[in-house]
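Here the structure is laid out as structure tokens; the discussion comes afterwards.
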Amino acid sequence: MTRDIRAEETPARIESTGFWLFKSEPGTYSIEDLAREGRTLWDGIRNYQARNFIRDTMRPGDRVLFYHSNADPPAIVGVARIIGSPVPDMTAFDRSNHGYDPKSRSENPTWFAIEIEFQSRLGDPVTLESMRSDPRFRGMLLLAKGQRLSIQPVIESHFRSALEVARHRD
DNA sequence: GCCAACGTTGGC
DNA sequence: GCCAACGTTGGC
């Protein structure tokens with residue numbers, strides 16, 4: 001009845017399987033801001049679906065495509081990674097904050113934040129337009145009509161394709 | 001600046 | 001629980 005558990009030992013480094021796309025308006029927080037600061041707490045999220053991704057799904061090491069929305073042109077402009085674990089979003093407790101939410105209590109927070117760390121800027125942004133015309137990005141949530149989720153799961157092939165496109169252009 | 005699409009709120 | 005009104009997102 002003994003089992004050889006050595007075959008199941010966890011590798012020294014656990015491979016991350018998570019890939020995401022974070023939208024940000026460059027006038028509010030740009031990839032340049034993240035590059036300069038190195039890391040930032042991604043707070044202010046007030047959408048339940050995005051909240052669930054932060055609170056329940058993200059893992060340290062997950063990789064993030066950083067997307068400039070409401071930009072000219074709208075494009076993926078960099079890569080980041082998730083670090084740390086979800087934490088209560090303190091801005092929801094702050095009456096003076098635009099994201100103040102009286103129904104979020106410190107003993108049972110409604111909203112959560114997570115820290116991300118800068119990895120790289122893309123030499124060439126991967127524009128929304130170029131993704132629409134490239135079959136490698138078919139099915140990407142970002143391209144779906146009417147979708148406006150600011151934190152989206154991304155499949156690995158779409159993540160890789162974004163890096164390929166950015167690399168091949170420079 | 002326009003406006004379609006979407007999420008949330010609140011009266012009933 | 002319905003749904004109209006409202007606010008927001010984000011491409012164009």
Side-chain angles (χ1 to χ4, degrees), chain A residues 18-37 40-58 62-82 86-116 118-155 157-166 169:
Chain A
F19 298 89
W20 305 93
L21 181 143
F22 281 29
K23 294 181 185 174
S24 188
E25 302 194 11
T28 303
Y29 195 85
S30 70
I31 190 68
E32 287 78 18
D33 294 325
L34 183 60
R36 187 177 56 250
E37 296 180 0
T40 196
L41 186 65
W42 209 255
D43 57 14
I45 297 297
R46 296 293 181 272
N47 170 281
Y48 287 102
Q49 208 176 341
R51 188 278 311 269
N52 292 346
F53 288 139
I54 291 175
R55 190 190 59 183
D56 306 331
T57 314
M58 288 176 184
D62 284 1
R63 306 189 71 195
V64 175
L65 296 173
F66 196 99
Y67 176 84
H68 278 173
S69 60
N70 255 318
D72 187 20
I76 297 168
V77 292
V79 180
R81 84 163 91 208
I82 303 294
V87 294
D89 185 341
M90 302 304 287
T91 67
F93 307 138
D94 178 0
R95 285 180 183 280
S96 69
N97 191 285
H98 180 254
Y100 174 63
D101 184 351
K103 70 180 177 299
S104 184
R105 324 308 305 295
S106 55
E107 66 272 18
N108 183 22
T110 305
W111 304 112
F112 287 81
I114 202 161
E115 198 163 29
I116 67 169
F118 175 78
Q119 283 202 278
S120 66
R121 294 174 60 169
L122 301 186
D124 271 307
V126 183
T127 66
L128 181 63
E129 183 183 25
S130 71
M131 287 186 274
R132 287 200 194 285
S133 60
D134 186 334
R136 284 177 291 181
F137 295 106
R138 189 160 298 151
M140 200 174 181
L141 213 53
L142 183 71
L143 308 183
K145 180 183 172 188
Q147 82 70 32
R148 38 182 231 189
L149 198 57
S150 67
I151 291 179
Q152 308 182 353
V154 172
I155 64 173
S157 71
H158 290 156
F159 184 92
R160 291 193 187 287
S161 293
L163 298 192
E164 278 175 24
V165 168
R169 279 187 187 159

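Naming convention: chains lettered A, B, ... in sequence-line order (proteins, then strands); numbering from 1 in each chain.
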*Sugar-phosphate means primed atoms, P, OP1 and OP2; the rest is base. With that split, encode nucleotides 2-12 of chain C 5' to 3' as B, S or - using protein heavy atoms under 4.0 Å.*
-----BBSBBS
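In this structure, A:F53 has its ring center at least 6.0 angstrom away from the ring center of A:W42. Between A:Y67 and A:W20, the distance from one ring center to the other does not fall under 6.0 angstrom.
In terms of modelled atom types and a separation under 3.5 Å, the side chain of A:S130 and the main chain of A:V126 share no donor-acceptor contact. At least one donor-acceptor pair closer than 3.5 Å links the side chain of A:Q152 to the backbone N or O of A:L142.
In terms of position on DNA chain B, the residue among A:K103 and A:G146 whose nearest nucleotide sits closer to the 5' end is A:G146.
With contacts defined as side-chain heavy-atom distances shorter than 4.5 Å, the pair A:N47/A:L149 qualifies. Counting heavy atoms from C-beta on, the side chains of A:I114 and A:R55 never come closer than 4.5 Å.
If you check the side chains of A:S30 and A:E32, you find a donor sitting under 3.5 Å from an acceptor. A:R46 and A:S150 are not linked by any side-chain donor-acceptor pair at a separation below 3.5 angstrom, with hydrogens and angles left out of the test.
Annotated stems with DNA chain C as a participant read B:1-12 with C:1-12, given as range with range, by first number; only runs of 3 or more Watson-Crick or G-U pairs under 3.5 Å qualify.
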